[in-house]
Amino acid sequence: MDTMFDNYKIFLDKIDRFWAESAAALGEDLVCRKGCGSCCRHLNLFPVEAVHIRLAMEELEPEIVAMIRQRAENLYNDPDGECPLLYENTCLLYPVRPVICRTHGLPVLVRDPDGHRVDVCPLNFTSGRRPEKDHILDIEQLNTTLAAVNALFTASAFEPGDVPDRLLLAHALLMDLD
Ligand code: SF4
């Protein structure tokens with residue numbers, strides 16, 4: 001099973017490098033830090049992200065798993081609520097957090113019918129600085145690559161039709177892996 005995540009892990013490393021390089025260049029205009037959970041809303045995941053995070057739960061202490069399961073059950077029908085993995089403003093599975101979580105805080109290029117715009121967290125760039133293009137994340141390109149990585153994963157891990165296209169994080173955390 002582990003080699004099925006090779007492409008995904010390469011992709012995650014690339015995103016993490018982009019974040020680290022951007023954070024170094026943006027300096028104090030990026031105030032993201034441990035303890036800020038402002039971006040941590042309930043997410044929809046691709047199956048590759050969902051299975052990766054679900055498998056990582058197997059490595060946790062039983063009492064942490066029980067707490068995560070309880071939080072996932074509470075938020076099972078709450079797609080607009082907070083993330084079930086956010087506990088005391090800390091991510092309970094931070095090392096295996098999904099793709100979008102690894103981009104939190106970065107300036108994001110958004111394409112909409114009226115043209116392109118750059119979105120930033122209101123807590124960042126309070127100096128008025130405009131982020132340089134090398135540190136702006138193209139979210140559409142990111143999602144296209146993630147979809148391709150996911151397609152390879154699902155083709156090797158599931159029979160056609162056996163897994164939904166996307167699933168809520170709470171549903172992923174409660175997923176039966178048998
Ligand atoms: S998985 Fe972790 S980093 Fe991502 S939204 Fe949830 S708590 Fe935040």
Side-chain angles (χ1 to χ4, degrees), residues 4-5 7-24 26 30-108 110 119-125 135-147 149-150 153-154 163-177:
M4 289 182 182
F5 292 105
N7 291 327
Y8 181 57
K9 287 178 179 172
I10 290 168
F11 184 44
L12 294 184
D13 284 346
K14 205 170 159 190
I15 299 166
D16 289 347
R17 272 203 307 280
F18 181 72
W19 201 99
E21 286 164 12
S22 297
L26 296 171
L30 200 66
V31 298
C32 302
R33 66 193 187 293
K34 187 172 182 181
C36 177
S38 300
C39 292
C40 294
R41 308 305 297 166
H42 205 171
L43 300 170
N44 254 306
L45 306 182
F46 280 94
V48 65
E49 302 174 283
V51 178
H52 189 242
I53 208 161
R54 173 64 187 84
L55 282 170
M57 266 177 72
E58 304 286 308
E59 310 295 322
L60 298 176
E61 298 294 324
E63 58 271 24
I64 303 289
V65 173
M67 180 169 73
I68 289 175
R69 292 184 68 85
Q70 184 62 60
R71 292 177 61 79
E73 281 166 11
N74 293 346
L75 290 157
Y76 198 83
N77 294 314
D78 190 3
D80 301 319
E82 72 170 20
C83 177
L85 287 173
L86 187 67
Y87 179 68
E88 295 184 345
N89 273 332
T90 300
C91 179
L92 291 166
L93 277 168
Y94 187 79
V96 291
R97 66 203 182 285
V99 165
I100 200 70
C101 310
R102 294 166 191 266
T103 71
H104 285 167
L106 290 174
V108 170
V110 179
D119 274 354
V120 297
C121 170
L123 300 176
N124 290 330
F125 298 97
H135 308 300
I136 297 172
L137 181 75
D138 185 333
I139 203 76
E140 192 172 305
Q141 199 176 65
L142 182 94
N143 282 331
T144 300
T145 307
L146 176 56
V149 168
N150 178 69
F153 172 78
T154 52
V163 67
D165 291 341
R166 303 289 287 265
L167 58 169
L168 268 178
L169 181 51
H171 301 186
L173 295 169
L174 296 170
M175 190 164 48
D176 188 353
L177 289 178

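Computed from a predicted model, the values in this text were never measured in an experiment. Each ligand, and each atom within it, is numbered from 1 in the order the structure gives.
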Checklist entry - Counting each atom of ligand 1 from 1 as listed, which ones have a heavy atom of Leu86 under 4.0 Å away? => result 7 (S)
Next on the checklist: What's the separation between atom CZ in Phe46 and atom CD1 in Ile100, rounded to the nearest 0.5 Å?
Outcome noted: 10.5 Å
Checklist outcome for this item: Closest to atom 3 (S) of ligand 1 among protein heavy atoms sits Cys101 CB, 3.6 Å
Next on the checklist: Check whether Asp119 reaches the backbone of Val108 with its side chain - one donor and one acceptor, N or O, closer than 3.5 Å.
Outcome noted: no
Checklist entry - Nearest protein heavy-atom contact for atom 6 (Fe) of ligand 1: which residue, which atom, what distance? => result Cys83 SG, 2.3 Å
Next on the checklist: As an exercise, state the distance from OH of Tyr8 to CG of Asn150, rounded to the nearest 0.5 Å.
Outcome noted: 9.5 Å
Checklist entry - For atom 2 (Fe) of ligand 1, which protein heavy atom lies nearest, and how many Å away is it? => result Cys91 SG, 2.3 Å
Next on the checklist: Checking the side chain of Arg102 only, and the main-chain atoms of Arg97 only, is there a donor and an acceptor separated by less than 3.5 Å?
Outcome noted: yes
Next on the checklist: How far is atom 8 (Fe) of ligand 1 from the closest protein heavy atom, and which atom is that?
Outcome noted: Cys40 SG, 2.3 Å
Item to check | Location of contacts on Pro98 toward ligand 1, heavy atoms closer than 4.0 Å | outcome: side chain
Item to check | CG-OG1 distance between Asn7 and Thr145, expressed to the nearest 0.5 angstrom | outcome: 11.5 Å
